[in-house]
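Have a look at the structure below, then the notes.
Quantities reported herein were computed from a predicted structural model and do not represent experimental measurements. Along the sequence shown, residues carry numbers from 1.
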Amino acid sequence: MKYLHTMVRVSNLEESVDFYCNKLGLKEIRRTTNEQGRYTLVFVAAPGDESAMVELTYNWDPEAYAGGRNFGHLAYAVEDIYATCKHLQDSGVLISRPPRDGRMAFVRSPDGISIELLQAGPALAPAEPWTSMPNVGAW
């Protein structure tokens, strides 16, 4: 058995690609458009780890996703949790659960998918402004 990808449905493809690629730092691996099925698939992955992909599924016909159509969260290890959160914050992304412990943070995609960021290796020493930041919203 081999892990292939995780699929999340998105309501605005451009906004989601901007979030996952330009803000979170993933890269687009491939894109498939199916006119008959009326959907577009965009596969993204962390640079250097292209085998662990996220499939962004955009259905052209509007649909509200609730009640299990979304799921818990995606998780990514990052080299520097503080630098990653600062970059996301500077890009306009709300840090829902700041990395107060130097180990873990949560943000949300434009479609409300929780994304857990974990410090690769040992936790960093607690540091401001993160130590004093409260949680915001659900994560």
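- Interatomic distance, OG of Ser51 versus NE2 of His5, reported as 13.0 Å (0.5 Å rounding).
- Atom CD of Glu79 has 12 or fewer neighbouring heavy atoms from other residues, nucleotides or ligands inside a 6.0 Å radius.
- Counting heavy atoms from C-beta outward, Ser16 and Asp111 have side chains that approach closer than 4.5 Å.
- Between Tyr58 and Glu14 the shortest side-chain heavy-atom distance does not fall below 4.5 Å.
- Atom CZ of Arg31 sits about 12.0 Å away from atom CZ of Phe43, to the nearest 0.5 Å.
- Counting heavy atoms from C-beta outward, Phe19 and Ile115 have side chains that approach closer than 4.5 Å.
- In plain terms, the two heavy atoms of Tyr82 and Asp101 that are nearest each other are OH-C, 4.5 Å.
- For the atom pair CG (Leu26) and CE (Met53), the distance works out to 12.0 Å, reported to the nearest 0.5 Å.
- Smallest separation of non-hydrogen atoms from Thr131 and Pro126: OG1-C, 3.7 Å.
- Nearest heavy atoms, Pro47 versus Gly25: CD-O, 3.4 Å.
- Rounded to the nearest 0.5 angstrom, Cys85 SG and Asp80 CG are separated by 9.0 Å.
- Taking 4.5 Å as the limit, some side-chain heavy atom of Lys23 sits within range of a side-chain heavy atom of Asp18.
- With contacts defined as side-chain heavy-atom distances shorter than 4.5 Å, the pair Ile81/Leu118 does not qualify.
- A heavy-atom distance below 4.5 Å is not found between the side chains of Ile29 and Val44.
- The distance from atom OH of Tyr39 to atom OG1 of Thr57, rounded to the nearest 0.5 Å, is 8.5 Å.
- Between the side chain of Arg97 and the backbone N or O of Met104 there is at least one donor-acceptor pair closer than 3.5 Å.
- Judged by distance alone, the side chain of Glu116 and the main-chain N or O of Tyr76 form no donor-acceptor pair under 3.5 Å.
- Under the 4.5 Å side-chain heavy-atom criterion for Ile, Leu, Val, Met, Phe, Trp and Tyr, Leu13 and Leu74 are members of the same hydrophobic cluster.
- Side chain of Arg100 to main chain of Met133: a donor-acceptor pair is present (N/O by atom type, distance under 3.5 Å, no hydrogens or angles).
- Of the charged side-chain nitrogens involved, at least one lies within less than 4.0 Å of a carboxylate oxygen, so that Lys27 and Glu50 count as a salt-bridged pair.
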(request) Using the side chain to side chain contact (heavy atoms under 4.5 Å, CB included) rule, take Phe106 and Asn135 through it: C-alpha gap first, then chi angles, then the decisive distance, then the call. (result) CA-CA 9 Å; Phe106 275 87; Asn135 292 343; over 6 Å; no
(request) Decide side chain to side chain contact (heavy atoms under 4.5 Å, CB included) for Leu24 and Val93; before the verdict, give the C-alpha distance in whole Å, the side-chain angles of both, and the deciding distance to 0.1 Å. (result) CA-CA 9 Å; Leu24 191 58; Val93 175; over 6 Å; no
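- Once rounded to the nearest 0.5 Å, the distance linking SG of Cys21 with CG of Leu56 reads 7.5 Å.
- A continuous path of ILVMFWY side-chain contacts below 4.5 Å connects Val10 to Val54, so both sit in one hydrophobic cluster.
- Between Ile95 and Trp130, the shortest heavy-atom distance links the atoms CG1-CZ3, 4.3 Å.
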